[in-house]
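Report on one structure; see the data block that follows.
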Amino acid sequence: MSTSSASAEVSMDAIVSLCKRRGFIFQSSEIYGGINGFFDYGPLGVELKKNIRDCWWNDMVRRRDDVVGLESSIIMHPKVWEASGHVAGFTDPLIDCKVSKQRYRADQLFFAAVVVNGETIGYVSALENERTTEELQEKAEALKRKKAVQGQLAAVQPRDMTEAKPEEIALVPSPATGEPGSLTPPRAFNMMFETFVGPMRDSSAVAYLRPETAQGMFADYKNVVDSTRVKLPFGIAQTGKSFRNEITPRNFIFRSREFEQMEMEYFIHPDADWLKCHEEWLAWCQNWLKSIGLPADHLSLHEHPKEKLAFYSRRTVDIMFKYPFGVQELWGIAARSDYDLQQHQKCSGVPQVYFDEATKQKVVPHVIEPAVGVDRILLAVLCAGYAEEEIKDDKGNVEKRVVLRLSPRIAPVKVAVLPLLKNKEALVGRAKELYKKLQRRYAVSYDDGGAIGKRYRRQDEAGTPWCVTIDFDTIEKDGTFTLRERDSMQQKRISEAELFALLEEQVY
RNA sequence: GCGGUCGUAGUUUAGUGGUAAAACCUCUGCCUUCCAAGCAGGUGUCCCGGGUUCGAUUCCCGGCGACCGCACCA
């Protein structure tokens, strides 16, 4: 038996299909036609996702002395989101030009009526810049000439499109085409999901589903400082669902409207070397991704250019992953300065300080934030691990093998226990005994259906790193069984003790 | 949100104005001493809602969903 190398290009269709076929990921509410941007994790998917989350939690929280955990509520006081800037930042009204397909922020697109002899003869528009008014005036004069209207042209009165009346919008020319009639009314693209707390649906009851978990850590910063014995620098970490009303969810689970984040806010002294700290966390995150099996050659870095940094950020570097649909952001490591704590201090009136014993001064810490999406990591390990191989059997027949090369750390099933023959009670009995014993510590699977080769292939598609097969030698001779390795398809005989030692070493 | 393409078993695909097919998967039984073997049997499909028609999975309209571009992604 020999194998050829895996096909270079992995198609998303193949991965989506495998996910459904084997029970990793389903489209949400499929029996009702599906709902755009929402997904369900099936039996294998939920194990994989939980393993990713647990690995992160163990490495980020339990195995570190300087990071503590938190689970904050999904719905928080609406003022949290005013303080964070999300209420203002997520509600820009946008205008589309139906002809040019351009999209404009309504508050950045200006228009003015062209008035000659007190009569409106048309409208002009211009994008916001240093000389918007002059530009509008020039366009107004041009329009007057074009329409060959005689008389006194009034000075233009620029207004932005948020103030435009519906009948005016129809007459304002698109900046792209110069022709009226193609602009849509300003539409609020509110990225936050709104809901109502309590049974009364009035405006005072409006609340939001969190668009990030970070604010929970900031809002509870003081509680953590006061209830634990943390000293700067320290981190607060949490995993949990976040919600964003994305305009266009796309690329399977990559951009969805309900997703799960793993974020950690690392609080440092304002005088500390934040750049160095930022670099350290960047390295930590890269190493962690490798530890769960992502190949280094699929990872790259993207430094956000200074002019494009979010208002709270001093520096942001994204760890990018090469997905089949392109190189995309996986993990953002942002230096958030003291923006968030300062905002909450200001808006709540509660000091968000830390008492520095060394200098006897109260300081507001700065923050380094590594923020990653569980779903994006999960998709990355699926894309990196998926392979279709050409297998040649002993007779020279070529057949296809689909295999998911998942790290043992995160594989949904660690070991499959297989009796070589289903109709031999002794084999089945021993296999079930081992299965039960493994089950106490590991996610394992038992399979006695069909031929042995078929069962191996079934486990390959599930990403199970090892299969053990109980045969007559196991029960009649030395008790060893066959260990079959997923990636190499190599087999060797090992004892039960050796199996547990292997798992102890590889699954952590 | 716009434009294009598309929507048939779990998956991948045939096909039709007269209610539909194959392969693989899955399930049951037999067999089987290590890589999707064989034999027998079973479950299961035309995205949803209107319209045209004697009759719609097929044609038309609307919706929903998917993919690809554009735009968006504090």
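Just so it is clear: chains get the letters A, B, ... in the order the sequence lines come, proteins before strands, and each one is counted from 1. All of these numbers come straight from a predicted model, not from anything done at the bench.
- A distance of about 50 Å separates the C1' atoms of B:C31 and B:C68, rounded to the whole Å.
- The residue A:Glu212 sits close to a base: some heavy atom pair falls under 4.0 Å.
- Using P as the reference atom, B:C25 and B:G38 are 9 Å apart when rounded to the nearest Å.
- Side-chain proximity of A:Glu246 to B:C68, B:C73, B:U33: nearest is B:C73.
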I'd like to know whether A:Phe26 forms a ring-ring contact (aromatic ring centres under 6.0 Å, His included) with A:Phe39, so could you lay out the CA-CA distance, the side-chain angles of the two residues, the decisive distance to 0.1 Å, and finally the verdict. CA-CA 6 Å; A:Phe26 309 121; A:Phe39 294 91; over 10 Å; no
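- Counting any heavy atom pair closer than 4.0 Å across all strands shown, A:Ser17 reaches sugar-phosphate atoms only and no base atom.
- Contact annotation: A:Gln27 side-chain N/O to B:A66 OP1/OP2 distance is under 4.0 Å.
- Considering only side-chain atoms of A:Met191, the nucleotide from B:U32, B:A74, B:C73 that sits closest is B:C73.
- Checked by distance alone, A:Gln459 brings no side-chain donor or acceptor within 3.5 Å of a matching partner on the base of B:A36.
- Under the Watson-Crick or G-U wobble criterion, with both distances below 3.5 Å, B:G38 is paired with B:C30.
- Nearest-nucleotide positions on RNA chain B for A:Gly34 and A:Glu461 put A:Glu461 closer to the 5' end.
- Whole-Å rounding puts the A:Lys424 NZ to B:U33 C1' distance at 9 Å.
- Atom name C1', nucleotides B:U16 and B:A20: the rounded distance is 8 Å, in whole Å.
- If you check B:A9 for Watson-Crick or wobble pairing at under 3.5 angstrom, you find it has no partner at all.
- Phosphate proximity of B:A66 to A:Asn36: present, with a side-chain N or O under 4.0 Å from OP1 or OP2.
- In terms of position along RNA chain B, the nucleotide closest to A:Glu476 lies nearer the 5' end than the nucleotide closest to the other residue of the pair A:Arg257 and A:Glu476.
- Separation of the C1' atoms belonging to B:G3 and B:U8 is 27 Å when rounded to the nearest angstrom.
- When the C1' atom of B:C34 is taken as reference, atom CD of A:Glu485 falls 16 Å away, rounded to whole Å.
- Look at B:A20: it lacks any Watson-Crick or wobble partner with both distances under 3.5 angstrom.
- Looking at heavy-atom distances under 4.0 Å, A:Phe252 makes contact with sugar-phosphate atoms alone, never a base.
- Summarising the geometry, the separation between CG on A:Asp13 and P on B:U5 is reported as 19 Å, rounded to the nearest angstrom.
- Using atom P as the reference point in both B:C6 and B:C59, the two lie 11 Å apart (nearest Å).
- Taking 3.5 Å as the limit, the base of B:C72 and the side chain of A:Thr248 contain no donor-acceptor pair of atoms between them.
- Atom CZ in A:Phe254 sits 5.0 Å away from atom OH in A:Tyr323 (nearest 0.5 Å).
- With sequence neighbours excluded, the residues satisfying side-chain contact (heavy atoms from CB on, under 4.5 Å) with A:Val428 are A:Pro419, A:Lys432, A:Tyr446.
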The contact string for nucleotides 24-31 of chain B, one letter per nucleotide 5' to 3', using protein heavy atoms under 4.0 Å with B, S and - for base, sugar-phosphate only and none, comes out as -SS--S-S
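- Closest contact between the side chain of A:Phe472 and the listed nucleotides B:G1, B:U33, B:C34 involves B:U33.
- Between A:Phe254 atom CZ and B:C67 atom P there is a gap of 14 Å when expressed in whole angstrom units.
- Partner assigned to B:C59 is B:G51, using Watson-Crick or G-U wobble distances below 3.5 angstrom.
- Aromatic ring pairs are classed by plane angle as parallel below 30°, tilted from 30° to 60° and perpendicular above 60°; the pair A:His298 and A:Phe321 is tilted.
- Between B:G10 and A:Lys20, no contact under 4.0 Å exists linking OP1 or OP2 to a side-chain N or O.
- Rounding to whole angstrom units, OH of residue A:Tyr32 and C1' of B:C48 are separated by 12 Å.
- To the nearest angstrom, P of B:A66 lies 14 Å from CZ of A:Arg255.
- Checked options A:Arg486, A:Arg405, A:Arg455, A:Arg401; the residue passing with A:Asp460 is A:Arg401 (criterion: side-chain hydrogen bond (donor to acceptor under 3.5 Å, both in side chains)).
- Looking only at distances, a side-chain donor or acceptor of A:Arg257 sits under 3.5 Å from a matching main-chain atom of A:Asn36.
- Between the P atoms of B:G7 and B:C47, the separation comes to 9 Å (whole Å).
- For a distance-only test at 3.5 Å, the side chain of A:Arg484 qualifies as a donor-acceptor partner of the base of B:C35.
- Atom P of B:A37 sits at a distance of 10 Å from the matching atom of B:U26, rounded to the whole Å.
- The pair A:Arg255-A:Asp375 does not count as a salt bridge, with every side-chain nitrogen at least 4.0 angstrom from each carboxylate oxygen.
- The aromatic rings of A:Trp81 and A:His86 lie perpendicular to each other, with more than 60° between the two planes, well past the 30° mark.
- Comparing B:U45 with B:A22, their C1' atoms are spaced 13 Å from each other, to the whole Å.
- Paired with A:Glu260 under the rule salt bridge (Lys or Arg N to Asp or Glu O under 4.0 Å), one option of A:Lys241, A:Lys49, A:Arg376 passes, and it is A:Lys49.
- For B:C34, the base has a donor-acceptor partner in the side chain of A:Tyr456 [N/O atoms by modelled type, under 3.5 angstrom].
- For A:Glu425, the CD atom is loosely surrounded, since the number of other residues' heavy atoms within 6.0 Å does not exceed 12.
- Shown here, B:A74 forms no base pair; nothing in the strands shown gives a Watson-Crick or G-U wobble contact with both key distances under 3.5 Å.
- Among the nucleotides B:C73, B:C34, B:G1, the one closest to the side chain of A:Ile452 is B:C34.
- Using Watson-Crick or G-U wobble geometry with both donor-acceptor distances under 3.5 Å, B:C67 finds its partner in B:G4.
- Judged by a 6.0 Å distance limit and a 45° cone about the ring axis, A:Arg484 is positioned over the six-membered ring of A:Tyr456.
- Here B:G10 presents its P atom at 17 Å from CG of A:Leu18, a figure rounded to the nearest Å.
- The CD-P distance, from A:Glu329 to B:C72, rounds to 16 Å in whole Å.
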